[in-house]
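Notes for the one structure printed next.
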Amino acid sequence: VQLQASGGGSVQAGASLRLSCAASGRTSSSVHMAWFRQAPGKEREFVSTFSRTGGYKYYADSVKGRFTISRDNAKTTMYLQMNSLEPEDTAVYYCAASHLRLITSELRRGNNYDSWGPGTLVTVSS
């Protein structure tokens, strides 16, 4: 599956951005998608994903209450609505997809995702 993230930009603290991730190619209802990010000089970290059934949404503690993950009915486009952005949110945001049947404890681990988009840069200034 090919992934393309978009929607990044430079904003001031408190602003909002909406990221999109379009999936193409080998997409199916069994492909699991997630958002990760990597800040300058830091390791990649989990941001958000869905449960396998899609009935629950998981978030990193640092974004909980500010970010909202969603997707279209065809499950080929995933979104990340980011509100109340903080300078600490500055990072390259990646969408990732996994063809594995991940269990809940595996959803937050980047190594379990086999397809990655090129990322979109979000810069938040204070």
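The shown structure was predicted, so the numbers you read here are calculated from the model rather than taken from an experiment. Nothing fancy with the numbering, it's 1 onward along the sequence.
In this structure, R44 fails the cation-pi test against Y94, since its NZ or CZ atom is not both closer than 6.0 Å to the six-membered ring centre and inside 45 degrees of the ring normal.
Between L3 and C95, the closest heavy-atom pair is CD1-O, 3.4 Å. Residue V1 comes nearest to A97 through the heavy atom pair CG1-CB, 3.7 Å, listed as atom of the first residue, atom of the second, then distance.
Residue pairs meeting the salt bridge (charged side-chain N to carboxylate O under 4.0 Å, His left out) criterion with at least one member in residues 96-108: none, sequence neighbours excluded.
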Under 3.5 Å, sequence neighbours excluded: what are the donor-acceptor pairs made by side chains of residues 58-68?
from	atom 1	to	atom 2	distance (Å)
Y59	OH	I69	N	3.0
D61	OD1	K64	NZ	3.2
S62	OG	R37	NH2	3.3
R66	NH1	S84	O	2.9
R66	NH1	D89	OD2	2.7
R66	NH2	S62	O	2.9
R66	NH2	D89	OD1	2.9
R66	NH2	D89	OD2	3.3

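The closest donor-acceptor contact from the side chain of H99 to the backbone of S115 lies at 3.5 Å or more, if one exists at all. Although no hydrogens or angles enter the test, the distance criterion places a donor-acceptor pair under 3.5 Å between the side chain of T90 and the main chain of V124. Without hydrogens or angle criteria, Y113 side chain to L100 main chain gives no donor-acceptor distance under 3.5 Å. A donor-acceptor contact shorter than 3.5 Å links the side chain of S98 to the backbone of N112.
W116 and V47 fall into different hydrophobic clusters, where Ile, Leu, Val, Met, Phe, Trp and Tyr residues are linked whenever their side-chain heavy atoms come under 4.5 Å apart, directly or through other members. M78 and M82 end up in the same hydrophobic cluster when Ile, Leu, Val, Met, Phe, Trp and Tyr side chains are linked at under 4.5 Å.
Within 6.0 Å of the CD atom in Q12, the count of heavy atoms belonging to other residues, nucleotides or ligands does not exceed 12.
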